[in-house]
Amino acid sequence: MEKHKLYIDGQWVEAEEYQELRSPYNQEPVAQIPLANKNHVEQAIKSAQKATKMMKSLSAAERSEILEKVSQIISERKEECALILATENAKPLKAARAEIARTIETYKFAAEEAKRLHGETVPLDAAKGGKNRFGYVKKEPLGVIAAITPFNFPFNLTAHKLGPAFAAGNTVVLKPASQTPLSGFMTAKIFEEAGLPAGALNVVTGRGGVIGDLLVTDPRIKMVTFTGSVPVGLGIKEKAGLKRVTLELGSNAGVIVEDAEDLDAVAARCVEGSFNFSGQVCISVQRIFVNENLFDAFIAKMTTHANNLVIGDPKSDDTDISALINPGETDRIESWIKEAENSGATVAYGGKRVGSAFEPTIIVNGGKNLSISCNEVFGPIVVVNPYKTWDEAIHLVNDSEYGLQAGVYTTNLQKAFDAVERLEVGGVIINDIPSFRVDNMPYGGVKNSGIGKEGIKYSVEEMTESKFVSFKL
Ligand code: NAP
């Protein structure tokens with residue numbers, strides 16, 4: 001079993017304490033993971049701070065070249081990377097390969113964005129006091145960025161932080177989720193091979209609360225970019241002081257099925273969006289609201305498609321659904337389903353655990369106050385309810401503490417535009433599920449789903465400072 005090391009200042013460093021990483025699928029030990037202590041975090045921040053000068057001195061072409069190389073190396077080792085995902089977070093290979101394909105593209109977008117970092121001129125002479133002055137805004141890196149990442153997309157969501165950070169000339173201390181450190185180490189190895197200067201990327205693994213607090217409260221860290229749960233995100237915001245903070249948090253994404261030319265295709269897509277990676281996706285389809293005229297047919301079609309999903313070993317090519325990230329999650333989901341049944345909801349499909357996994361589960365007529373409706377399920381459960389009127393459907397989607405993305409199926413253009421205006425979310429996806437995401441689009445929620453945007457160009461914006469310059473002529 002491999003004993004891994006921390007990555008600090010371009011060196012692989014042993015820790016004093018180690019923890020066994022186990023496969024979520026069969027609980028077999030997979031690797032020994034170093035637990036960084038206060039001193040390691042201090043060294044990591046110090047080295048990132050030292051490297052800011054070097055990173056700032058790289059030209060846009062040089063930064064772009066490193067990111068391009070990273071994309072290329074991942075593409076050469078894509079199967080190895082996919083296997084890491086199947087091992088550390090039980091992501092079925094089909095989904096793991098899809099994540100790696102996106103990661104390759106994300107770093108490519110970052111390589112391209114590195115070349116587009118520019119400010120603008122300011123027409124100072126438009127102001128009465130600005131005559132004979134020339135003004136412009138230039139973009140500068142912030143310095144050291146702390147990147148704290150979740151377990152569910154450990155390669156691609158890390159790419160969404162490292163890619164733009166380096167594109168803009170920053171340095172990074174990365175804290176991967178405790179269940180998915182191997183992808184963090186692999187990412188560091190790839191950046192090392194791609195020629196990133198020593199110290200520009202540091203990877204510290206270990207206890208989230210301990211390392212997180214040290215990073216979030218340190219004055220040398222200029223920004224915290226966090227993806228994860230609401231409680232942790234709120235804690236970070238409270239402790240971060242004047243640092244820049246972006247929070248990409250959870251959701252209970254809703255989709256309206258008003259009408260569609262091909263209802264079967266919509267049902268198939270909703271099944272995909274509800275059960276991909278066992279629903280452990282921030283924009284997983286959790287609440288579906290179906291026009292009452294289509295409801296029975298829609299449920300029948302969803303059930304047929306859910307029945308085609310294969311539950312099994314994440315390392316098997318056929319598997320669609322595998323283990324949840326830990327056994328506690330299976331218990332929680334089971335108790336939420338019981339609560340729903342006790343309140344009169346019906347399990348139309350699934351509802352049972354299968355070893356460390358959970359069946360894809362379709363619940364109908366689930367009330368809005370149930371845990372499966374108002375909280376983030378983060379498991380393979382979808383709640384499908386009928387509605388009578390369009391206004392009711394819009395209201396039902398908005399009746400949530402979250403607001404990441406929403407989907408709307410309609411053939412009526414006026415209703416589509418109406419939904420765009422009225423839905424309280426960061427992204428409205430017309431004629432598709434809210435789980436639609438490609439890596440150059442702006443992505444981020446409103447309400448409890450967070451603050452700030454990702455999508456390379458938009459993160460670069462968050463990760464740079466605008467410096468104004470005025471020349472008196
Ligand atoms: P999590 O428990 O909040 O953990 C996320 C990261 O925060 C991990 O690296 C964790 O480390 C660390 N952490 C824990 N306590 C901390 C603290 N006190 N200070 C600083 N960092 C701390 O989330 P998760 O279970 O890994 O991921 C699932 C959540 O992420 C869901 O809510 C999902 O919706 C959300 N998510 C959102 C997006 C988006 O883009 N909006 C994308 C993906 C996931 P440890 O693992 O060591 O505890």
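Both ligands and their constituent atoms are indexed starting at 1 by order of listing. Side-chain atoms are counted along with the backbone in the values below, which use heavy atoms only and exclude waters and symmetry mates. In this chain, residues are counted from 1 in sequence order.
Near K175, meaning under 4.0 Å from any of its heavy atoms, are these atoms of ligand 1: 9 (O), 11 (O), 45 (P), 47 (O). Proximity to F378 (heavy-atom distance under 4.0 Å) selects the following atoms of ligand 1: 28 (C), 31 (C), 33 (C), 34 (O). Ligand 1 places these atoms under 4.0 Å from at least one heavy atom of T227: 5 (C), 36 (N), 37 (C), 38 (C), 39 (C), 40 (O), 42 (C), 43 (C), 44 (C). Listed by atom number, the atoms of ligand 1 under 4.0 Å from G206 heavy atoms are 47 (O). The ligand atoms of ligand 1 that sit less than 4.0 angstrom from a heavy atom of L157 are 42 (C), 43 (C). Near L404, meaning under 4.0 Å from any of its heavy atoms, are these atoms of ligand 1: 41 (N). Close contacts of ligand 1 with N152, meaning ligand atoms under 4.0 Å from a residue heavy atom, involve 43 (C), 44 (C). Close contacts between ligand 1 and I148 involve ligand atoms 6 (C), 7 (O), 9 (O), 12 (C), 20 (C), 21 (N) [criterion: under 4.0 Å to a heavy atom].
Note on ring orientation: taking the six-membered ring where Trp is involved, the planes of H4 and F185 are parallel (angle under 30°, cut-offs 30° and 60°).
In this structure, the protein non-hydrogen atom closest to atom 46 (O) of ligand 1 is S178 N, 2.8 Å. In terms of protein heavy-atom proximity, atom 31 (C) of ligand 1 is nearest to E376 OE1, 3.4 Å. Shortest contact from atom 14 (C) of ligand 1 to any protein heavy atom: G208 CA, 3.7 Å. Among protein heavy atoms, the minimum distance from atom 6 (C) of ligand 1 is reached at T149 O, 3.4 Å. Atom 1 (P) of ligand 1 has as its closest protein heavy atom S229 OG, 3.6 Å. Given atom 18 (N) of ligand 1, the protein heavy atom at minimum distance is G209 CA, 3.5 Å. For atom 29 (C) of ligand 1, the closest non-hydrogen atom on the protein side is G228 C, 3.5 Å. For atom 20 (C) of ligand 1, the closest heavy atom belonging to the protein is G212 CA, 3.4 Å.
Between Y458 and Y443, the distance separating the two ring centers is not shorter than 6.0 angstrom.
Distance remark: protein heavy atom not present below 4.0 angstrom from atom 4 (O) of ligand 1.
Geometrically, ligand 1 and V230 share no nitrogen or oxygen pair separated by less than 3.5 Å.
The shell of residues lying under 4.0 angstrom from ligand 1, judged by heavy atoms, excludes F153. In this structure, P176 is part of the shell of residues with a heavy atom less than 4.0 angstrom from ligand 1.
For the residue pair Y387/E258, the side-chain donor-acceptor check at 3.5 Å is satisfied. For the 3.5 Å distance criterion, the side chains of T180 and N89 fail to qualify, holding no donor opposite an acceptor. In this structure, a donor-acceptor pair under 3.5 Å is present between the side chains of H40 and N37. For the residue pair N202 / S47, a side-chain donor-acceptor distance below 3.5 Å is found, with atom types taken as modelled. Remark: the W336 side chain and the E341 side chain contain no N/O donor-acceptor pair separated by less than 3.5 Å.
L247 is listed as a side-chain neighbour of K237, based on a closest heavy-atom distance under 4.5 Å.
Comparing C282, P154, G450 by heavy-atom distance to atom 36 (N) of ligand 1, the nearest is C282.
Between atom OG of residue S459 and atom CE of residue M223 there is a gap of 7.5 Å, rounded to the nearest 0.5 Å.
One finds a salt bridge joining R332 and E329 here, because a Lys/Arg side-chain nitrogen approaches an Asp/Glu carboxylate oxygen to under 4.0 Å.
Geometrically, K447 does not engage Y402 in a cation-pi contact, judged by NZ or CZ lying under 6.0 Å from the ring centre and within 45° of the ring axis. Figure legend: cation-pi geometry between K352 and F358 absent, as NZ or CZ is not positioned both under 6.0 Å from the six-membered ring centre and within 45° of its axis.
Between N170 and M55 the shortest heavy-atom distance is O-CE, 3.6 Å.
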